[in-house]
Amino acid sequence: MDHLATLHRGVNDERHMIANFGQNRSVVDEQFPPVWELLRRAGLPVGFCGTLHTYPVPADIKTYSFYLPDTFASEPAAYPAELETFQAFNLTMQGVVAQRRHRDPARGGAHAAVVRPPARHHAGHLRRAGPASLGRAPQALADNPPPRRHRPAFSFFFSNHVASAMHRYWAAGHPADYDQLDLGEDWLQRYRGEVPWAMLRADDMIARLADFVQANPGSELWIASSMGQGPTFAQRLETQLYLDDLPAFMAGLGSGPEGSGSNPVPTDRWSERPAMLPQRNVRVDPEYADGFEAALRSVTVAGAP
């Protein structure tokens, strides 16, 4: 997702060095402030909804019109306070995707007017699609509250659900685009509707925003889309690796303090952070960090690092 940081900051990834969710941005924020910070410094009210690389939240979060961080946040911090309950729901659904377990989609007590439509989409889509990695599209619906009460001069909304569907399921709907196709008719039938479904949801979102703009003279809707790339291989994956049991992995990885490489990191000295499958993110206490990194570099799978 470094291309989004590039869009927001006007410099490429070789300069802003933003590549991971939740990473410390204090230095790069000073060197290459994002466009919303420039707007805020100019005295304009700004609002966020799901924009990547907006967590951790700033200390002066209350100076924003509204601030709903991305779905890879480690805690449900948001502003105003009513959005914290919504973000807790959002992060719970992200956990459903990342950890491959289905929870009650309405769990978390968010306001009924916000929760019920997204929850129905979640439940129906998960039942239909099966794999938990499909939760991104309906989650985008939950991340699209209209700016009715808070009227910032500039607001940002991010969704990745269309790209997610295209990355995985373009071949299901467009098999003729590929010279080689080895995914099976069952797979093609099951996922043929994924990209059209995602596009319809995008149409819904854009229509709501367009209606808002039309009803508010002087407003403008800007849409930025990335990125151009070639098609994926329409072949069955033979090398995809998922780390399903993270605690077992951490317990078996000898990475004692100060790089000693002896005992594993104690369970109370590391914690998992949100990530996009197949990546798994952990935060390790500083005194264990060097040893943990050294231990990770020693891990091989089928003879490869």
Side-chain angles (χ1 to χ4, degrees), residues 1-80 83 86-87 90-91 94 136-137 139-147 150-164 166-167 198 202 205-206 208-210 212-213 219-229 273-276 279 281:
M1 298 299 179
D2 55 354
H3 55 286
L4 290 168
T6 296
L7 172 67
H8 295 149
R9 296 168 189 273
V11 295
N12 64 22
D13 58 344
E14 293 179 351
R15 302 185 71 185
H16 62 64
M17 299 296 289
I18 295 176
N20 298 305
F21 301 121
Q23 77 180 70
N24 189 313
R25 306 184 312 275
S26 56
V27 174
V28 70
D29 280 351
E30 291 203 8
Q31 294 178 333
F32 309 108
V35 60
W36 53 79
E37 179 60 23
L38 299 178
L39 292 167
R40 203 165 61 104
R41 290 178 187 176
L44 298 175
V46 177
F48 289 102
C49 185
T51 303
L52 289 185
H53 309 302
T54 52
Y55 181 86
V57 301
D60 57 353
I61 188 172
K62 293 183 179 181
T63 62
Y64 290 84
S65 295
F66 56 87
Y67 198 113
L68 186 66
D70 62 62
T71 192
F72 294 96
S74 300
E75 60 178 346
Y79 178 79
L83 290 180
F86 176 84
Q87 181 70 336
N90 190 30
L91 299 183
Q94 193 275 345
R136 298 172 185 84
Q139 189 168 4
L141 297 175
D143 279 351
N144 190 22
H150 305 279
R151 299 296 181 93
F154 212 107
S155 63
F156 299 79
F157 166 69
F158 169 76
S159 171
N160 192 48
H161 75 284
V162 171
S164 175
M166 287 182 170
H167 286 325
M205 297 176 194
I206 294 171
R208 291 174 64 192
L209 293 171
F212 179 87
V213 168
S219 300
E220 295 182 4
L221 173 61
W222 299 356
I223 301 176
S225 178
S226 68
M227 54 193 170
Q229 64 185 63
R273 292 291 187 265
M276 187 181 296
Q279 186 174 354
N281 287 353

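Computed from a prediction, not measured in an experiment: that's the story for all the values here.
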Worked check of side chain to side chain contact (heavy atoms under 4.5 Å, CB included) between His8 and Leu52: CA-CA 10 Å; His8 295 149; Leu52 289 185; 5.9 Å; no
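- Taking OG1 of Thr71 as the start and CG of Leu91 as the end, the distance is 5.5 Å to the nearest 0.5 Å.
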Residues Asn20, Asn281; criterion side chain to side chain contact (heavy atoms under 4.5 Å, CB included); working and verdict: CA-CA 9 Å; Asn20 298 305; Asn281 287 353; 5.6 Å; no
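- Interatomic distance, CE of Met166 versus NE2 of His161, reported as 9.5 Å (0.5 Å rounding).
- Put simply, CG on Leu209 and CH2 on Trp222 are 14.5 Å apart, with the number rounded to the nearest 0.5 Å.
- Contact record, Ala198 with Val162: O-CG2, 3.8 Å, taken as the closest heavy-atom pair.
- Annotation for Ile61 and Ala78: closest pair CD1-C, 4.0 Å, computed over non-hydrogen atoms.
- Heavy-atom minimum distance, Ala5 versus His16: CB-CE1, 3.7 Å.
- Between the side chain of Tyr55 and the main chain of Ala77, no donor-acceptor pair closer than 3.5 Å is present.
- Looking at Arg9, its side chain does come within 3.5 Å of a backbone N or O of Phe32 through a donor-acceptor pair.
- Checking side-chain atoms of Gln23 against main-chain N and O of Met17 turns up a donor-acceptor pair under 3.5 Å.
- Closest approach of Pro69 and Gln87 over heavy atoms only: O-NE2, 3.4 Å.
- Put simply, the side chain of Thr54 does not reach to within 4.5 Å of the side chain of Phe158, judged on heavy atoms.
- Residues Pro56 and Glu75 form no side-chain contact, since every pair of their non-hydrogen atoms from C-beta on lies 4.5 Å or further apart.
- Annotation for Asp29 and Pro34: closest pair OD1-CD, 4.0 Å, computed over non-hydrogen atoms.
- The nearest pair of heavy atoms linking Tyr64 to Tyr79 is O-CE2, 3.3 Å.
- Legend: salt bridge (charged side-chain N to carboxylate O under 4.0 Å, His left out) pairs involving residues 55-71, not counting sequence neighbours, sorted by first then second residue: Arg40-Asp60.
- Here CZ of Phe66 is found 10.5 Å from CZ of Arg151. Values are rounded to the nearest 0.5 Å.
- Judged purely by atom type and a 3.5 angstrom limit, Ser155 has no side-chain atom pairing as donor or acceptor with the backbone of Pro152.
- Between Phe156 and Phe154, the ring planes lie tilted relative to each other; the angle falls in the 30° to 60° range.
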From CA spacing to verdict: side chain to side chain contact (heavy atoms under 4.5 Å, CB included), Ile206, Leu221: CA-CA 9 Å; Ile206 294 171; Leu221 173 61; 4.3 Å; yes
